[in-house]
Amino acid sequence: MFIGAIGCEPLQLRRVHLENSRWLDVYRRNGGYEAIKKVLDTMSPDDVINEMKKSALRGRGGAGFPTGMKWSFVPKDSPKAKYVVCNADESEPGTFKDRYLMERDPHMLIEGILIAAYALGAKTNYIYTRGEYKYLIDIMDVALDEARAAGLLGNKILGSDFSCEIYTHTGAGAYICGEETALLSSLEGMRGHPRMKPPFPAISGLYASPTVVNNVETLTAVPDIIKMGGEAYQKLGTEKSGGTKLWAVSGHVNQPGVYELPMGYDDMEKFIMEDCGGIANGKQLKAVIPGGSSVYIMRADQIIGKDVRMDYEGLVAGGSMVGSGGFIVMDETVDIFESTKNLTEFYKHESCGWCTPCREGTDWLVKIFKRIENGGGRPEDAQLLLDICDNIEGKSFCPLGDAAAWPIQSAVKRFPEDFEKHLVNNSRGESKHKGELL
Amino acid sequence: MSTELVKVTINAKDFQVPKGARLIDVCRENQFDIPSFCYYADLALQASCRMCLVRIEKMPKLQTSCTIICTDGMVVTTQSEEIEKARRSMLEFLLANHPLDCPVCDRGGECELQELTFDWGNLEERFIEQKNARAEKYLSPMVANDPQRCILCKRCTRVCDEWMGEDAIEAGNRGANTVIGTYGGWLNCSQCGNCIEVCPTGTLLDGTYRHQARPWELTQTISTCTYCSDGCQMSLGSRGDELMRIVARDRYVNGLNGEFLCIKGRFGHPFVNHEERIRTPLIRYQKGGRLVPATWDEAIRFTAQKLDGIVAARGNNSLAVVGSPRLTNEALYCLRKFAAEVVETENYAVADAFSLKPFFESLGGPLATHQDIRHAKTIVLIGGEPEELQPLTAKQIRQAVRNGGAKLILINSVPIRLREQAAQFIHIRPGTENAAALALAGNADDALAARKMGVEAAELEILRQTISETQGDVVLMFGGELSAEAQAVVAQMPYTFAGEGRRILLHPLALFNNSVGALDLDVNGKSVSDLLDAAGVSIHAMYMAGSLLPEHMPKCGLSKLDFLVVQELFETETTAFADVVFPAASFAEIDGTFTNNDGFVQRVRKSIEPVHQSKPDWLIVSELAKELGVDFGFERSASAVFREIAERIPAYADLRYPLLKDESHPLQVKHAIASKRELAKEIAGIRRAVAELSDDGVKVSETPQVGHELFKLGTLTDKVPQFHLLAAGNPTPASFAISPLYQITIDEGIKREKAVA
Amino acid sequence: MSQQPINIQRLSQPVQMPDEIATFSPKVEAEIDRHLAKYPVMRSAILPLMFIVQRERGYLDPPGVSYLAKRLNLRITDIWEVATFYSMLHLKPIGKYHIQVCKTLSCKLLGSDKITQLCVKKLGIKVGEMTADGRFSLSEVECLGSCGTAPMFQINFDYHENLTAEKVDQILESLA
Ligand SMILES: Cc1cc2nc3c(=O)[nH]c(=O)nc-3n(C[C@H](O)[C@H](O)[C@H](O)COP(=O)(O)O)c2cc1C
Ligand code: SF4
Ligand code: FES
């Protein structure tokens, strides 16, 4: 598997290939903990937030919310404790970038959290890691112990007046706990149900205190932003979204892996065909889900020759979204009906069950998919699938409902031929209409 | 909510609404229909059913009106094609896995899901796949469960947690597999059944009434609970001569308890039609003989002759009349009138375990209503255990703390469950409750009080400080532990802690449904124990309505009487001594009133005809009076009795049955407010008593089990088979599919014919 | 009277008989203390503690559940509602080796079906079952974040990636 940067100097992935990259001394020898020193020596919390704003860094967890702005929502004068929580739940199908950041460069994350904690005045901070990543929690615990022993964590960090602690916390198998409010419920020891927004976590999050939840990749970008300055970081990417972005490539490519690209990397086709080594086994490209399972699926002809720019705006223009950067490539042999069924089963399994449309809707969708798969398809089912999705989308309690609806909506609309196969002339011969599905 | 108004536009009409108002409430108040399942006033917001979606201008998606607080200039649409589609689709989702067999469901006919389906359901069912089947089962002797009907609005779990503080029922699993249940599948809780009440579907059902009747067969009669002093309003569902069930469902009642009832109120009614009810008057013609059935005429005549004889031989005061705090005001009034005007004895008493007489004599301020408790800012509870004895009060306290941010100060020798809500728990030695009254009166005796209670003196200072710093209402409550002097001191607290922006309200935790009423009607009552002590000495005949005697009083005094008359529902330890027993009608069979802890006079209404030959207590006394030559003139009408109460008892002046007909606006009796007075004598008395207490009593450290009082078998609850199971520790049955009644035999007591079959 | 009140004394006993409560070695207790120390609110430690109980006792058995409730000062239903929400927590016995084959899209594209079939054949059990000797349980699970190294399965906490038929054979062989 490939890990590295294309089209730019490696930034986040700078140290991943170094020997013993996860140890403190390697990190320090390679520019580590300089940013926190700079912050403690020369910057006020507001300075840090300003740099973050200048960097135009957008959250890498999936929603793409500007990080500097998120930090500035935390009320400075609140007497309550404040928390930074690192979202290392990484459960979006197709996404596996945070994992390598933590595995190979845990101190970069610690430094990022320290800077965030300094900017926000947080004394206690948590890294919420999905339970399956037990080995990463062990790695992080070792790194945290190292940092503590070196005076980088705990009381009076690096001799300054700044003190703070970071703890790891384990999830236990629930995709929904990646959603920030569900994550906080889970961290409080509850079932992982999302909470009502407003109040947003920045005002009332963990233990009803001001809390910032950021993705691993977001936080690991922070030390570099501080070191090079927000502006320089922004210039690596585009005006609206600064810096570089990790793309986790999987599926039918010759060289899957974690790719660091500058934001606004110019061409998705080139990325697939050249950087990722092209489609495996000499097959043709059929479809790409570019941003984790929760985004619109793209047809090959929306990519080939279309110069799809790889950043937030570019992908929207191209008909999808950046999401979490989980880039799933499918070749011509894939039945999009089946791949969509697979994802729908995922959402059904992971729906928390709180709200009606998501709980009942995903259950029903899976039942329809299964019926169709077993030869019970009817032409009107295409419309039915779309209508159920429409009834879920925008009406669920949290965005998981939307995430379940979008893949189906786009698949039915963009790959009608794959659905037609199953819906018309089904084996039970029940079909009334012929032809047009939609 | 502030009084400031904001403007909202709903469906192009402008409204001025209080700032902070909730959109769903505002819409409904203005006749815009908003369907909902999960929204439930005064419970934590859930926003999960998604039925209440509306469009709000400038917001990207449809919004749940249950979570939206009105802001100035908000423009709302509640009716449009888009909203209609959304609502219909939510119902379609909810019905997808819901059995469509309302005719076999106990909730059919009074089901919110059914009702909303009439409005928002689709004619055509698009769901053609197999439904997720889940088996019906029992969760406890009281709670039956049909999990497939659940729509996961979680009202039940919220009620269990927020009202009851028990958290016994919860959601388990995830996604479409989510179920409401409990670890191990068996519910060990106080069995209040409120989860059943609030369930909008047929998921949680009354296990004692399962498949017994259809809601539309039942005649609903609104009445007042006969168990405790909270005075919950309830709806008695009767079919013919049988009382089938009791609910509080607010479509029938909307009283001070909303949809709340406790286990006794909800499930404690089967005594009404119980086969052991006394059927006819009974006479024991000679001491040591048997009670023999007699006709009413005969029994009345026999009693009148005997009473005449004894009074003639030994004087009027050789006869005692004893009422029960369980009886209606009407019955108690007739008894008192009987004592005063017919047999003209001074020996009249009410058999209450603790008398609030000293409290009411010194009453320095208004009684707190349950509504007041819910909105209080500070609540002080001395002694008592409302969770077990006054469950509605406990619920109000809990909500005041959890939903209203009130501070609860608990002074108790036992870490009762309300401790979880307490901001300050003053854990005292058993029997030192009176020292709390000393502490409330001032700091002079802090050292003594603290030493005897086994607490830091500073805690008492904090107690007083919290009260005197409160802005808003302070409610002072106390249980039966306080002595007469201590009651008087507490009753005067409204003067002691008077202050700007603060009301001091009082709330005695009386024990019985009509303890307060009994006191109101009791002019110069004596204590029952004195009367019992005098049995065979100066008292030779006794007339008892209700045979309830406080537990600690010896019943043997009764054997020394020449003549004992008892009005009762069942044969009891007391009727064993009786020479005449009159079959009395239960609360479900009579008209009347009870006065609760709030001082509310609430109606008791006849739901079924008196069973067998029983008669209302007041009528029995009246008939006996007539035989003795005094016609009360009430002409078989409870209303006429009450009219006389209102004329004669100042606190009840001007009340009439027609004024009492709306249970959602109960009327408070006007208890005389005593003026501020010197308490030196009382304080000195308490001080002396406290000083005599030991310094080394051991504190109770265990929180008592849920239900330790509620599940006790009394004369009435003994008649409910399920209570026997609970009293025996609610054993988990081998199968959850069958009612445990048919599976578990505790001992001879519970084994019923039916159960064996 | 046929329905005499039954022995009132029994009421002073707890309504719910206390279950047997699990005990742990001082070392494990110390580990538990370390987790509890991380949070200002005890309940937060529920998931880490559940994993420890599960590690020590094989699954969240009734004494383990009682232990958690007691240690965290929670009600037994609180433990139940949380444990049943998360897919990695087990209230029923689970094999010593829990094979969790990822079945989500990226793995599926690269043949996770075949991996499952191999396991089914090799272990002689269906997905969701446990071998009679209690050594193996087989599950299909959702995305484990190993999409770039698909197909894969996780055995207990160990990732086994880029699986081939031979590799699966080898791994299962080494555990059998
Ligand atoms: C259903 C759902 C799942 C999510 N899963 C993750 C996740 O696994 N990891 C993550 O970082 N963010 C996830 N998010 C996004 C978070 O809610 C949140 O936006 C993010 O952690 C914020 O961090 P950022 O600003 O650094 O992106 C998820 C969101 C939703 C709605
Ligand atoms: S959309 Fe609803 S059921 Fe689905 S995960 Fe979010 S809150 Fe839970
Ligand atoms: S009532 Fe608003 S979502 Fe249920």
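Every chain is numbered from 1, with letters handed out A, B, ... down the list of sequences.
Annotation for C:Y159 and A:E132: closest pair CE1-O, 3.4 Å, computed over non-hydrogen atoms. Residues C:C143 and A:G94 share a closest heavy-atom pair of SG-N, 3.9 Å. Shown here for C:S146 and A:F96, the closest heavy-atom pair between the two residues is N-CB, 4.4 Å. Of all the heavy atoms in A:G131 and C:F157, the pair that sits closest is O-CE2, 3.6 Å.
Between A:E165 and C:K38 there is no salt bridge, since none of the side-chain N atoms of the basic residue sits less than 4.0 Å from a carboxylate O of the acidic one.
The local environment of NZ in C:K122 is crowded, with over 12 non-hydrogen atoms from other residues, nucleotides or ligands closer than 6.0 Å. Applying the 6.0 Å contact sphere to CG of C:N73 captures no more than 12 heavy atoms from other residues, nucleotides or ligands.
Here A:Y175 contributes atom OH and C:T104 contributes atom OG1; the two are 11.0 Å apart, rounded to the nearest 0.5 Å. Distance CE/A:M1 to CD/C:E161: 8.0 Å, rounded to 0.5 Å. Atoms OG and CD, from C:S87 and A:E350 in turn, are 6.0 Å apart once rounded to the nearest 0.5 Å. The distance from the CG atom of C:L110 to the NE2 atom of A:H252 is 5.0 Å, given to the nearest 0.5 Å. Taking OG of A:S250 as the reference point, atom CG of C:L105 lies at 7.5 Å (rounded to 0.5 Å). Note that CZ of C:F85 is 5.5 Å distant from SG of A:C177, once rounded to the nearest 0.5 Å.
With a 4.5 Å cut-off on non-hydrogen atoms, A:Y100 touches chain C through its side chain but not through its backbone. With a 4.5 Å cut-off on non-hydrogen atoms, A:L206 does not touch chain C at all. Heavy atoms of A:T168 lying under 4.5 Å from chain C belong to its backbone as well as its side chain. Of the two parts of A:T170, the backbone and the side chain both hold a non-hydrogen atom closer than 4.5 Å to a non-hydrogen atom of chain C. For A:V253, no part lies near chain C; criterion is any non-hydrogen pair under 4.5 Å. Heavy atoms closer than 4.5 Å to chain C are found nowhere in A:F327, neither backbone nor side chain. Contact of A:S339 with chain C is made through backbone and side chain together, with heavy-atom distances under 4.5 Å. Interface remark: C:L109 contributes backbone and side-chain atoms alike to the contact with chain A (heavy atom separation under 4.5 Å). Both the backbone and the side chain of A:L187 come within less than 4.5 Å of a heavy atom of chain C. The part of A:V249 that comes within reach of chain C is its backbone (N, CA, C, O), which places non-hydrogen atoms under 4.5 angstrom from that chain.
With chain A as partner, the option from C:M50, C:Q154, C:Q100, C:H35 having the largest number of non-hydrogen pairs under 4.5 angstrom is C:Q154. Contact tally against chain C (heavy-atom pairs below 4.5 Å) for A:M190, A:E90, A:E338, A:E92: the top residue is A:M190. Counting heavy-atom pairs closer than 4.5 Å to chain C, the top residue among A:S293, A:G173, A:G257 is A:G173. Chain A forms the most heavy-atom pairs under 4.5 Å with one residue out of C:L49, C:D78, C:I46, and that residue is C:I46. Comparing A:A172, A:G192, A:G326 by heavy-atom pairs within less than 4.5 Å of chain C, the highest count is held by A:A172. Here C:M88 is the residue among C:M42, C:E81, C:M88, C:K108 with the most heavy-atom pairs under 4.5 Å with chain A.
For C:Y86 and A:S186, the side-chain atoms include at least one donor-acceptor pair closer than 3.5 Å.
At distances below 3.5 Å, not a single donor-acceptor pair connects side-chain atoms of A:R191 with backbone N or O atoms of C:V82.
Taking 4.5 Å as the limit, every side-chain heavy atom of C:V41 sits out of range of all side-chain heavy atoms of A:E188.
Aromatic ring orientation, A:Y126 versus C:Y39: parallel (interplanar angle below 30°, classes split at 30° and 60°).
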As a quick check of understanding, evaluate side-chain contact (heavy atoms from CB on, under 4.5 Å) for A:Y207 and C:S44, giving each step before the final call. CA-CA 10 Å; A:Y207 311 124; C:S44 279; 2.5 Å; yes
Go through A:E345 and C:K103 one step at a time and tell me if the side-chain contact (heavy atoms from CB on, under 4.5 Å) criterion holds. CA-CA 10 Å; A:E345 283 171 351; C:K103 65 171 269 274; 3.3 Å; yes
Which is it for C:E142 and A:R130 under the salt bridge (Lys or Arg N to Asp or Glu O under 4.0 Å) test, yes or no, and what are the steps along the way? CA-CA 13 Å; C:E142 299 294 350; A:R130 64 181 299 183; over 6 Å; no
